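Data block below; observations after.
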Amino acid sequence: MDRSKEKHSKDSALKRWYWLVVFWPLLCFVFAGIIIGQSGRTVDERISDAGFAIFPLIFFAIGMSIRHRLLKERRNATALATATVVYEGRRKRTGGNQRYFPEFEFQANGVNYRVTSSAGSGFGLVKIGDRIDLYYTPENPRLFYVPVLHRRDNRCACLFCGIGILFPLLGLFAPKVRAFFSFLP
């Protein structure tokens with residue numbers, strides 16, 4: 001894939017992100033309005049079903065913010081390098097929880113760079129000495145992303161967005177869901 005097609009693909013992914021981040025919350029508020037306006041539900045059902053359509057937007061916002069960070073990191077980092085993990089990045093946080101911010105070493109334009117991941121995880125995804133792919137921005141090699149780390153973040157974003165999309169639909173179709181489960185013993 002040449003650079004112009006790759007750039008277009010990354011730009012269209014960002015455009016889809018902007019469209020979804022505006023469209024879905026508005027649609028959830030429409031769902032809540034439909035739920036409140038339906039006469040076949042009791043007042044308690046209307047309140048809980050409308051809440052089911054609105055409150056999951058918190059999960060949706062978290063997932064979309066993770067996705068936005070991933071898209072921004074990936075947008076300009078187009079040059080590929082093979083990096084070596086030089087430090088797993090274990091750092092102690094409050095409450096005894098540990099976060100891992102791995103450090104990588106790679107060469108770009110004849111210069112050696114040692115960079116630390118800005119996004120940490122609760123467990124080590126890479127080990128010292130691993131050789132991995134790293135994409136960096138040609139104008140500033142200190143701006144980079146690592147696909148191995150992005151996969152985990154992308155799964156988290158999908159999980160949060162999935163909750164933020166599925167639950168409002170369950171709220172909208174709650175009478176049918178309740179009717180289905182009323183026949184089960």
Side-chain angles (χ1 to χ4, degrees), residues 6-77 89-102 117-126 135 143-185:
E6 188 175 326
K7 180 82 169 155
H8 174 71
S9 172
K10 291 176 182 178
D11 286 343
S12 64
L14 203 54
K15 287 178 186 176
R16 282 191 308 269
W17 181 89
Y18 283 119
W19 184 83
L20 189 59
V21 83
V22 170
F23 174 74
W24 185 250
L26 290 176
L27 193 58
C28 287
F29 282 103
V30 170
F31 290 168
I34 291 170
I35 291 166
I36 291 170
Q38 287 180 331
S39 59
R41 303 179 197 216
T42 67
V43 173
D44 289 341
E45 288 175 341
R46 288 181 194 182
I47 293 170
S48 64
D49 295 348
F52 236 70
I54 300 300
F55 290 123
L57 288 176
I58 296 168
F59 289 96
F60 182 76
I62 293 168
M64 290 304 278
S65 67
I66 294 170
R67 183 75 180 137
H68 188 254
R69 178 183 56 83
L70 296 176
L71 289 171
K72 280 182 17 183
E73 287 177 358
R74 202 177 73 184
R75 184 176 189 195
N76 296 320
R90 193 173 301 144
R91 295 182 186 168
K92 197 159 192 156
R93 294 280 193 174
T94 59
N97 295 329
Q98 291 186 0
R99 303 285 294 169
Y100 293 85
F101 295 86
S117 175
S118 61
S121 68
F123 49 92
L125 298 171
V126 292
Y135 289 88
L143 299 175
F144 68 96
Y145 82 91
V146 179
V148 171
L149 302 178
H150 270 216
R151 276 187 230 127
R152 185 193 68 72
D153 290 345
N154 196 34
R155 283 190 290 252
C156 288
C158 288
L159 174 67
F160 285 126
C161 288
I163 291 170
I165 291 173
L166 180 65
F167 278 51
L169 292 173
L170 286 174
L172 183 63
F173 296 108
K176 294 189 185 315
V177 173
R178 279 191 285 273
F180 174 76
F181 284 112
S182 68
F183 292 110
L184 296 176

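Since the structure is predicted, the reported quantities are computational estimates derived from the model, not experimental observations.
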Taken to the nearest 0.5 Å, the spacing of Arg74 CZ from Leu14 CG works out to 9.5 Å
Any residue meeting ring pair (Phe, Tyr, Trp, His ring centres under 6.0 Å) with Phe23, in chain and number order, not counting sequence neighbours: Trp19
Are Ser39 and Arg46 close enough, and set up right, to give a side chain to side chain contact (heavy atoms under 4.5 Å, CB included), and what steps lead you there? CA-CA 9 Å; Ser39 59; Arg46 288 181 194 182; 4.2 Å; yes
Rounded to the nearest 0.5 Å, how far does CG of Leu159 lie from CD1 of Ile163? 4.5 Å
Working to the nearest 0.5 angstrom, can you tell me the gap between Leu70 CG and His150 NE2? 5.0 Å
Measure the CD-OH distance between Glu73 and Tyr135 for me, rounded to the nearest 0.5 Å. 14.5 Å
Taking all heavy atoms of Ser117 and all of Phe101, pick out the closest pair and write down the distance. O-CD2, 3.4 Å
So Leu172 and Ile34, do their side chains get closer than 4.5 Å, heavy atoms only? yes
Can you measure from CG (Asn154) to CG (Leu149) and round to the nearest 0.5 angstrom? 12.5 Å
Could you walk me through whether Tyr18 and Met64 satisfy the side chain to side chain contact (heavy atoms under 4.5 Å, CB included) test, starting with their C-alpha distance in whole Å, then the side-chain angles of each, then the deciding distance to 0.1 Å, before giving a yes or no? CA-CA 10 Å; Tyr18 283 119; Met64 290 304 278; over 6 Å; no
With a 3.5 Å cut-off and sequence neighbours excluded, list the donor-acceptor pairs that the side chains of residues 49-61 form with protein atoms.
unit_1, atom_1, unit_2, atom_2, d
Asp49, OD1, Arg178, NH1, 3.2
Asp49, OD2, Arg41, NH1, 2.5
Asp49, OD2, Arg178, NH2, 2.8

Is Asp153 salt-bridged to Arg69, going by a charged N under 4.0 Å from an acidic O? yes
Partners meeting side-chain contact (heavy atoms from CB on, under 4.5 Å) with Val177 (sequence neighbours left out): Leu170, Phe181
Is a side-chain donor or acceptor of Trp17 paired with a backbone partner of Arg67 at a separation under 3.5 angstrom? no
In this structure, CG of Leu169 is separated from CG of Leu27 (nearest 0.5 Å) by 8.0 Å
